[in-house]
Colleague: 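Below is one structure. I have some questions about it.
Indexing begins at 1, ligand by ligand and atom by atom, following the structure's order. Side-chain atoms are counted along with the backbone in the values below, which use heavy atoms only and exclude waters and symmetry mates. Numbering of residues begins at 1 and proceeds along the displayed sequence. Since the structure is predicted, the reported quantities are computational estimates derived from the model, not experimental observations.
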Amino acid sequence: MNFSKCGPLRGEVTVPGDKSVSHRSVMFGSIAQGTTEIHNFLQGADCLSTISCFLKMGIDIENKGETVLVHGKGMHGLKKPDTILDCGNSGTTMRLISGILAAQDFTVTLTGDDSIQKRPMERIAKPLSQMGANIRSIQENGCAPLEIIGSSLHGIHYPSPVASAQVKSAILLAGLYADGETYVTEPYVSRDHTERMLSCFGADVRTEDTTARIRPADELYGQKILVPGDISSAAYFIAAGLILPGSEILLRNVGINPTRDGILRVCRAMGADLTLLNENHDSKEPTADILVRSCCLHGADIGGSVIPALIDELPVIAAMACFAEGETVIRDAAELKVKESNRIEVMVRNLTAMGADVRETEDGMVIQGQKPLHGAVIDSRLDHRIAMTFAVVSCLAEGETEIMGAECVNISYPGFYEDLERLKR
Ligand code: S3P
């Protein structure tokens, strides 16, 4: 797909529902009693993978578009699927479901696409095994396909070496079925959607500093869930609106959970003009409209506890830093190497091809801003966040940019290019 330089972006966008919240609403709804009614569900390929896995385990799920109804069968109502469970490109599906499957009374095999078969699953297999799970990488390479033989589990206290909500959530979900309390302590707090949503479903889950604790549950109860707009999807318009002179964009109903709002904090530290309107803290997941106006940005030092709160936004933040004055350092972000692609390597390679001054480090990147950028051929490696990032960069680069594999945005944001085009008019 080809893109070229454009003028200011103006108008409103309502980004699709949050990916993390959408996944969890189907998972928790499936193991709850009664019906879970989900509004603004993200109809992206990743969340559809989650639906397809639970359909295969006998859950009746009505996907009506904006609304999804999950007719849960309770904590012990899943049935053994007739086939392998295909998680597609979705790490969240594979890692969180593993926590649930570890405790069932059947055996399953989980697999997915080429990208997910290269991503580390040892990080969940290790703590789940400590809880008594029987989980193995079939090719013994620490990756999917995984075979999980359901077992009885016991609670543990797990000091996680990584701040990962997928790891934390897999352990907490297994903890629902364990015979004692389960604790997970992280180096920094990762996104807490699991804790927030599970407590609405009736689970006894608490957090203190960087430790989450869960007690075993007898039953969970179906809920009505309003999925907020995904701040990770809004990030492309936040970045584009800030760096394209003359732009003004209003982003409607965006989730501003404090474990996800790192991009807002970093943009402000870079001098951004961002205003939150209509803040709503009535439900478990707070939302706001975000007004973005272009301005002059300066470089920043991005590392430490903010990293988990903006991990998926780092590609577009790195792109934004190319248009900021001075140096931006991204550190403590080695996790980027094990996302849908190696996002450090892919960002450095593609930004360099466009003329940027960017250097790869062990755990991030160093960017010298304000070098003039030109169009190039971008290999997205079928990573949705890379494709969307370079659609943004193309708005400011001289000449044409071709993004290979551009359609992969359907993973998290079907309709992304249409929304971007509308703002150009
Ligand atoms: C997610 C957690 C993050 C994030 C991913 C979604 C989740 O992954 O990158 O896109 O929904 O829990 P990690 O847990 O691997 O950091």
Side-chain angles (χ1 to χ4, degrees), residues 16-28 41-42 44-47 49-50 87-100 112 115-116 118-128 142-144 158 160-173 184 186-198 210 212 225 227-228 230-236 255 257 259-263 285 305-317 332-344 363 383-389 408-409 411-413:
D18 187 276
K19 183 157 79 70
S20 296
V21 174
S22 296
H23 279 299
R24 287 160 171 80
S25 58
V26 169
M27 294 179 189
F28 306 169
F41 181 81
L42 170 63
D46 268 11
C47 298
S49 292
T50 292
C87 303
N89 190 246
S90 176
T92 310
T93 307
M94 183 166 287
R95 296 199 178 111
L96 268 62
I97 280 189
S98 296
I100 296 173
S115 154
I116 209 170
K118 295 193 190 94
R119 299 181 63 188
M121 293 299 149
E122 199 48 45
R123 56 179 56 199
I124 52 153
K126 185 175 168 203
L128 292 177
C143 302
Y158 189 66
S160 178
V162 281
S164 158
Q166 294 180 356
V167 171
K168 173 176 62 177
S169 303
I171 300 168
L172 294 178
L173 287 167
V184 187
E186 304 184 279
Y188 298 117
V189 176
S190 64
R191 65 190 66 191
D192 65 357
H193 305 298
T194 295
E195 298 88 308
R196 285 174 190 244
M197 199 188 290
L198 273 181
T210 59
I225 292 169
V227 181
D230 197 326
I231 193 167
S232 299
S233 298
Y236 304 99
N257 176 319
T259 61
R260 292 286 299 282
D261 71 350
I263 180 148
E285 294 288 350
S305 63
V306 80
I307 294 294
L310 47 63
I311 188 75
D312 292 341
E313 290 67 77
L314 281 170
V316 80
I317 290 172
D332 304 321
E335 278 292 298
L336 289 177
K337 296 180 186 171
V338 291
K339 294 295 178 188
E340 287 83 327
S341 67
N342 177 340
R343 289 182 177 158
I344 297 181
D363 62 353
D383 180 334
H384 54 134
R385 303 217 184 272
I386 300 297
M388 290 189 274
T389 293
C408 65
V409 303
I411 292 289
S412 64
Y413 196 158

Colleague: Do the charged groups of Lys168 and Asp192 touch, with an N to O distance under 4.0 Å?
Modeller: no
Colleague: Between the side chains of Arg260 and Ser232, is a donor N or O closer than 3.5 angstrom to an acceptor N or O?
Modeller: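 Short answer, yes.
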Colleague: Among the heavy atoms of Lys168, does any lie under 4.0 Å from an atom of ligand 1?
Modeller: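 The answer is no, since Lys168 has no heavy atom less than 4.0 Å from ligand 1.
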Colleague: Any atoms of ligand 1 less than 4.0 Å from a non-hydrogen atom of Thr92? List them with their elements.
Modeller: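 This gives 1 (C), 6 (C), 7 (C), 11 (O) as the contact atoms.
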Colleague: State if His193 counts as touching ligand 1 under the rule of any non-hydrogen atom under 4.0 Å.
Modeller: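 It does not; every heavy atom stays at 4.0 Å or beyond.
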Colleague: If you have a sec, work out which protein heavy atom is nearest atom 12 (O) of ligand 1 and how many Å separate them, to one decimal?
Modeller: Arg24 NH2, 2.7 Å
Colleague: Distance under 4.0 Å to a non-hydrogen atom of Lys19: what atoms of ligand 1 satisfy this?
Modeller: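 Close to Lys19: 10 (O).
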Colleague: Measure the distance from atom 1 (C) of ligand 1 to every protein heavy atom, then report the residue, atom name and distance (to 0.1 Å) of the closest one.
Modeller: Gln166 NE2, 3.5 Å
Colleague: Any donor and acceptor pair, going by atom type alone, linking the side chain of Thr210 with main-chain N or O of Glu186 inside 3.5 Å?
Modeller: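 Side chain of Thr210 to backbone of Glu186: a pair is present.
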Colleague: For Leu42, is there any backbone N or O sitting under 3.5 Å from a side-chain donor or acceptor partner on Ser22?
Modeller: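 Side chain of Ser22 to backbone of Leu42, a donor-acceptor pair under 3.5 Å: yes, one is there.
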Colleague: If you have a sec, work out which protein heavy atom is nearest atom 14 (O) of ligand 1 and how many Å separate them, to one decimal?
Modeller: Ser164 OG, 2.6 Å
Colleague: Does any donor atom in the side chain of His384 or Ser412 lie under 3.5 Å from an acceptor atom in the other side chain?
Modeller: yes
Colleague: Does the side chain of Gln166 reach to within under 4.5 Å of the side chain of Ile124, using non-hydrogen atoms?
Modeller: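 No; the side chains remain at least 4.5 Å from each other.
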Colleague: Tell me which protein heavy atom sits closest to atom 4 (C) of ligand 1, plus the residue, atom name and distance to 0.1 Å.
Modeller: Asp312 OD2, 3.3 Å
Colleague: Please answer whether the main-chain N or O of Glu340 pairs with a side-chain N or O of Ser115 as donor and acceptor at a distance below 3.5 Å.
Modeller: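 Side chain of Ser115 to backbone of Glu340: a pair is present.
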Colleague: What is the nearest protein non-hydrogen atom to atom 15 (O) of ligand 1, stated with its residue, atom name and distance?
Modeller: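 That would be Lys339 NZ, 3.3 Å.
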Colleague: Closer than 4.0 angstrom, basic N to acidic O: yes or no for Arg191 and Asp312?
Modeller: yes
Colleague: In the protein, what heavy atom is nearest to atom 11 (O) of ligand 1, and what distance, to one decimal place, separates them?
Modeller: Ser20 OG, 2.7 Å
Colleague: With nothing but distance in play, are any N or O atoms of Ala165 less than 3.5 Å from an N or O of ligand 1?
Modeller: yes
